[in-house]
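I have placed the structure first, in the form of structure tokens, so that the comments after it can refer back to it.
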Amino acid sequence: MSLELKTSQNGNGVVTVLIEGDIDMSSSTEVRTHLTDLFKKKQKAIVVDLSKVPYIDSSGIATLVEGLQWSHANKTKFRLTRLTPMVKDVFEIARLLTVFEVFDSNEEALKGI
Amino acid sequence: MTESVKLTIPSDPKYLSLARKIVYHLLINHDVSKEIIPRLVLCVDEACSNIIKYGYNGCRDQPIEMTFSLAEDFFEVKIRDYGKQCDSRDIKPRPIHEVKPGGLGTYFINEIMDEVNYCTNREKGTLLTMCKNLKGELASARREIG
């Protein structure tokens, strides 16, 4: 399954990235490159919509952890939304659900930014 | 009765999705509950990713041989590679409280599987054996409990 990354900007410095496809060893580099480019543009907030990610492995998790660390260093908000059951389960096993800001909808994620 | 399926893929990350699909269908056909299947698929994927990254140093044309054995109450995966060997004592997951990229694959395998064994007692490569007890994990058993 090939990966697709769709980015939309709401005009207030908030970018939403919809990821479609499995995030594994073969595709996590593409996600990393995309997020790195967004961080370099000094966005106010980056919202990552994971509703179309049926599978994530440790390399995908590592990419999102890197994003989180980058956001802390650059004072950018970095939020995850709409985790699929598999992705949520992996976050739970890794005990990362409370480390990230995770929301059930993009609307909720955009509040307070 | 134990049923076994063998699969060999090249050490190219693009074949990981193929391995995942095969493991998924094997487990679905064996009536394993849908709650546990993604976790078992993840373990196979992580093991192969580690072989590609560390055993074969990213080389994409080396063999990864897998044997999946399924019986009524267990799932066993044997994964053979012919890459660089490492001391199994050195294969450690990172402490889970440390929030940093990397080191999670081994943690997932150890957390999900009941038995994990790395055997390097051979001229080349490693034989990884992972076992999961399926008692209570079959969909029919879950329906009965429910």
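Chain identifiers are assigned alphabetically (A, B, ...) following the order of the sequence lines, protein sequences preceding nucleic acid strands; residue numbering begins at 1 within each chain. Values reported hereafter were calculated over all heavy atoms of this structure, with side chains retained and with hydrogens, waters and symmetry mates removed. Every value quoted in this text rests on a predicted model; they were computed, and no experiment measured them.
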Practice task
Could you walk me through whether B:F108 and A:D57 pass the side-chain contact (heavy atoms from CB on, under 4.5 Å) test, one step at a time?
Solution key: CA-CA 9 Å; B:F108 288 146; A:D57 74 355; over 6 Å; no
Exercise for the section: Could you tell me whether the side chain of A:Y55 and the main chain of B:R20 form a donor-acceptor pair under 3.5 Å? Expected result: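 A pair under 3.5 Å: no.
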Exercise for the section: Sort A:M25 into side chain, backbone, both or neither according to what part of it lies under 4.5 angstrom from a heavy atom of chain B. Expected result: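 For A:M25, backbone and side chain are both near chain B.
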Problem - Region of A:L64 in contact with chain B, defined by heavy-atom distances below 4.5 Å - result: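 No part of A:L64 comes within 4.5 Å of chain B.
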Is atom [atom1] of [X] surrounded by more than 12 heavy atoms (other residues, nucleotides or ligands) closer than 6.0 Å?
X      : atom1 : result
A:F103 : CZ    : yes
A:R79  : CZ    : yes
B:Y54  : OH    : no
B:D61  : CG    : yes
A:E92  : CD    : yes

Exercise for the section: Calculate, to the nearest 0.5 Å, the distance between atoms CG and OG belonging to B:D45 and A:S58 respectively. Expected result: 8.0 Å
Practice task
Can you measure from CG (A:L96) to CG (B:L104) and round to the nearest 0.5 angstrom?
Solution key: 6.5 Å
Handout entry: Most contacts with chain A, counted as non-hydrogen pairs under 4.5 angstrom, among B:L16, B:D12, B:L42, B:V41
Key =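 Most pairs with chain A among the choices: B:L42.
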Problem - Winner by heavy-atom pair count (cut-off under 4.5 Å) against chain A, out of B:E111, B:R39, B:K14 - result: B:R39
Handout entry: Transitive ILVMFWY side-chain link B:I36 to B:V116, under 4.5 Å
Key =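 In one cluster: yes.
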